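Per chain, numbering begins at 1; letters A, B, ... match sequence-line order. Note that the coordinates shown come from a computational prediction; the quantities given were computed from them, not determined experimentally.
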4 protein chains.
Amino acid sequence: MSTEKKEALKQENKSFLRKELEDLMSLDLLRASFAEFLGVMFLVMYGVGAGLYHETLGTKPSSVHIAIETGFFIAVIITTLSTVSGGHVNPAISIGFLVTGGITLSRFFFYVCFQVLGAIAGMYVISVVSPVEMHQENFGVILPGTNVTDVQAFVCEAYITFLLDFAMFSFLDSGRSDMAGSVPFIIGILVVVNVFSTWNLSGGCMNPARNFGPMVIHAAYDKAWVYWAGPMIGGGLGAFIYDRIFSTRSMLRSGGS
Amino acid sequence: MSTEKKEALKQENKSFLRKELEDLMSLDLLRASFAEFLGVMFLVMYGVGAGLYHETLGTKPSSVHIAIETGFFIAVIITTLSTVSGGHVNPAISIGFLVTGGITLSRFFFYVCFQVLGAIAGMYVISVVSPVEMHQENFGVILPGTNVTDVQAFVCEAYITFLLDFAMFSFLDSGRSDMAGSVPFIIGILVVVNVFSTWNLSGGCMNPARNFGPMVIHAAYDKAWVYWAGPMIGGGLGAFIYDRIFSTRSMLRSGGS
Amino acid sequence: MSTEKKEALKQENKSFLRKELEDLMSLDLLRASFAEFLGVMFLVMYGVGAGLYHETLGTKPSSVHIAIETGFFIAVIITTLSTVSGGHVNPAISIGFLVTGGITLSRFFFYVCFQVLGAIAGMYVISVVSPVEMHQENFGVILPGTNVTDVQAFVCEAYITFLLDFAMFSFLDSGRSDMAGSVPFIIGILVVVNVFSTWNLSGGCMNPARNFGPMVIHAAYDKAWVYWAGPMIGGGLGAFIYDRIFSTRSMLRSGGS
Amino acid sequence: MSTEKKEALKQENKSFLRKELEDLMSLDLLRASFAEFLGVMFLVMYGVGAGLYHETLGTKPSSVHIAIETGFFIAVIITTLSTVSGGHVNPAISIGFLVTGGITLSRFFFYVCFQVLGAIAGMYVISVVSPVEMHQENFGVILPGTNVTDVQAFVCEAYITFLLDFAMFSFLDSGRSDMAGSVPFIIGILVVVNVFSTWNLSGGCMNPARNFGPMVIHAAYDKAWVYWAGPMIGGGLGAFIYDRIFSTRSMLRSGGS
């Protein structure tokens, strides 16, 4: 390695560190992390709340009830928080921003920590405001469907989160001029579709923090890897592949139209 | 207190009074109040109408039927009345505008009165156009679910209305330039989500006027505090906290990005 | 009456007649009427088709199935035909345009005739492409619910079509600058709401042509007045009242804000 | 035929060939075809996945579950891929672009081949990630409803795909200036409507590739003609008729308004 190359690399590292430090010390990061905390807290309160029913006297909410609740909530929370924190409310979205250079590593860690804390807080609130007769076994946890193996559920979580990140980074592609209407709403209906398409397979979670909150309350972590690895790998890959192969930037580079 | 300060305060009070009086004497306030009356009248006719079914020969409308009816109605009525009255049709929205300085105190009182009167009128109309076989016990009133305590329902109503106002004032934040598509539609799907998420808990009312109309017809006010205090406190807080901590204005003040 | 006044009236009548004649002789009216024919033909094929199920082996489609089909179809057909005919596909919309001066009397009559013919054609097509086992009694006709009187159903049809026209003319008010996103979509979700809110009362028809097609096939006209008078009176009034009291034009005239 | 005419025709053929060859040799066509492959692969994984349930322990997903999944997926995938391949993901859409001159013949063949391959791949993936207890007879294939003849199903598929293409080319008509909001979303809700309106008749497929994937896995092609001929003929006609009779271009030509 020549001295110039070494020097350039050193410069780059320096600028990497400076970027990280600047972000870490900004007041903005704190407010954004707090927003992520609030967002996931509400997401868990809403998502778990929507599934509650009285064991003997009630009727189980339908798949349409749950899927539309989940997707429309995401549309709303992104629209609400996008100018504060970006409205990720999901580590599998944050990892997409990380791998495409949209956020610093420090911000990624802050966001994920606050998202997980928010999920635990939300699970606590929903436990308190609902009667114990509605706390079914595995209360609040999304699990693989009947006869579905852990590996099958893992693959399902991976591919729905792959499409979630792939599509989202396509919508946010700054080189596109054809986007019209509300982008968070289209992300929201993608979430609806993801829940419907894996309803009896993995349950359509695609958000490790959302499922981790209930798991902490139950102290039951045997399926944790499925709902962490699936979304994180799928989501990270989806964002990366869109960015490198299909983004307007990458198409210009390779001379496509 | 120095004389200057006293003088400034006096000036401010004077301008407060002048603003109130000017608003009171405008023809516009009357038309706007009438629009709020009409809006809530339809809201109750529609909301209560959607839940009706024949006790013995019919099928109970599903949660999806009710939730989508409620949310899409809100999207429509806001779009319809926004240039006339703002399309609040809900005291818990009006209180949000009051605490953030969007409307005068006089207007707040006028709106709430006309909203309540509209709810009573709407309840009367729907009673007349539907057969008595469809008038179940508690006909038209939203009540806490099985085993849900009043305090639990109060907290649920508070937090869903907190998010309603918080999100709405984020959407209306004049410092944001990233909003695209129909804002009333996003508010409407938030209402859908609110109904779904507390369907078996508080029933997802978030509008004190809407529930008060049926209560007046039944002369049954024992749960009235739940559906007045929950939305008014939650909604007021949501609007206030967004305005002071997360609005683009407040972020500029504290030097955030 | 003074001679000047008589002369002015004569001039006005002349210009009224000229306007009518010009419209009558335009090729555009023919194409527009044909588009209205096609639109209502599809509306009936779709609306009646959505409700079909096998009497003994099938399941009756839910209210959500029917309501969303109806409303989303309206959103689509308005978006498709708006530059051709305006995409009324409903005499109760056409009457709104008539009373607010949006279309000529000749065009109104042409549209309504072609809409009714389209409904009959559509009913014929759907009869042919579906097995007789799916042709329930009253196949395709919307009727009042159990125990609902004709007068009650008439009032329901009147008020949902009142809001349909009232809201639509508010959305189309050229003095408004706050509309964003797709207007036909908001009209579509209003139709969803109308169907949900009168599902067990009048059935949520709001379109005289749509219900007249099936009635012609059955030659059963005893409820015809309910589904003609309700929407035509309600719709006409809704458009008129918005135009005269709440439109931006009327507000400017009376000095409101 | 005069020599000039012959010469002109020769010129035209030459330019036709050149256009075809240029498209064939572009790197862009490869990437676009790959995008179509991915799009249909996901479409089949999602569409078939949404319908899965445990034969004895599960509940069959409702028509609302399936219809919204299908339509919202289309809205999402068009928004995602429109800058890459146009996001057809359906031979019946590609044929519309072919007959209106939007794509070359070479591109049409590439797209259809990759769409069919994508459907087979998607069917393979969903077979692997789901338990065999969920693989009902005819697993993944859309078939005519009870008592519905093949010809009836063929007509249904033809007219829903007719409207799909007719409406889509109206939305994309470059002479229109009244379109607002997300066009892919309106296409998506049209797909929802198409599924609802033929739910118990042809099943609402409107995509030959989507149904061919599962047929290949089962090696059961007896209904293949229904789901190939219906959408291809209907879709092609819909695009053609809009383009020649109702497009803004055709209206200008004939002197309409």
Using heavy-atom distances under 4.5 Å, tell me whether [X] contacts chain A through its side chain, its backbone, both, or neither.
X	result
D:L29	neither
D:H54	side chain
D:T70	neither
D:L38	side chain
D:V132	neither
D:E69	both
D:L57	side chain
D:Y53	both
D:M134	side chain

Would you mind checking which part of [X] comes under 4.5 Å of any heavy atom in chain D, side chain (CB onward), backbone (N, CA, C, O), both or neither?
X	answer
A:D173	neither
A:M168	neither
A:F171	side chain

Chain A interface, residue from D:V129, D:I77, D:L52 that has the most non-hydrogen pairs under 4.5 Å =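 If we count pairs closer than 4.5 Å to chain A, D:V129 comes out on top.
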
Would you say the side-chain atoms of A:D178 and D:T83 include a donor-acceptor pair closer than 3.5 Å?
->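 Note: A:D178 and D:T83 side chains miss the donor-acceptor criterion.
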
Minimum-distance pair of heavy atoms, taken over all atoms of [X] and [Y]:
X	Y	value
A:S170	D:T80	OG-O, 2.8 Å
A:A180	D:G181	CB-O, 3.4 Å
D:H65	A:V64	N-CG2, 3.8 Å

Report the C-alpha separation of A:R176 and D:S82 in whole Å, then their side-chain angles, then the decisive distance to 0.1 Å, and conclude whether the side-chain contact (heavy atoms from CB on, under 4.5 Å) test is met.
-> CA-CA 10 Å; A:R176 291 183 64 174; D:S82 61; 3.0 Å; yes

Any side-chain heavy-atom pair of D:Y46 and A:N194 under 4.5 Å = yes

Pull out the residues in residues 195-203 of chain A that come under 4.5 Å of chain D, heavy atom to heavy atom, sorted by number.
->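 The residues closer than 4.5 Å to chain D, in numerical order, are A:F196, A:S197, A:W199, A:N200, A:L201.
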
Among residues 141-167 of chain A, which residues come closer than 4.5 Å to chain D, judged by heavy atom distances?
-> A:T146, A:N147, A:V148, A:Q152, A:V155, A:C156, A:Y159, A:I160, A:F162, A:L163, A:F166, A:A167

Inter-residue atom distance A:I186.CD1 - D:F185.CZ, 0.5 Å rounding | 6.5 Å

Above 12 or not: heavy atoms from other molecules or residues under 6.0 Å from CZ of D:F109?
-> no

Heavy-atom donor-acceptor pair, D:R31 side chain to A:I245 backbone, under 3.5 Å =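 Answer holds: yes.
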
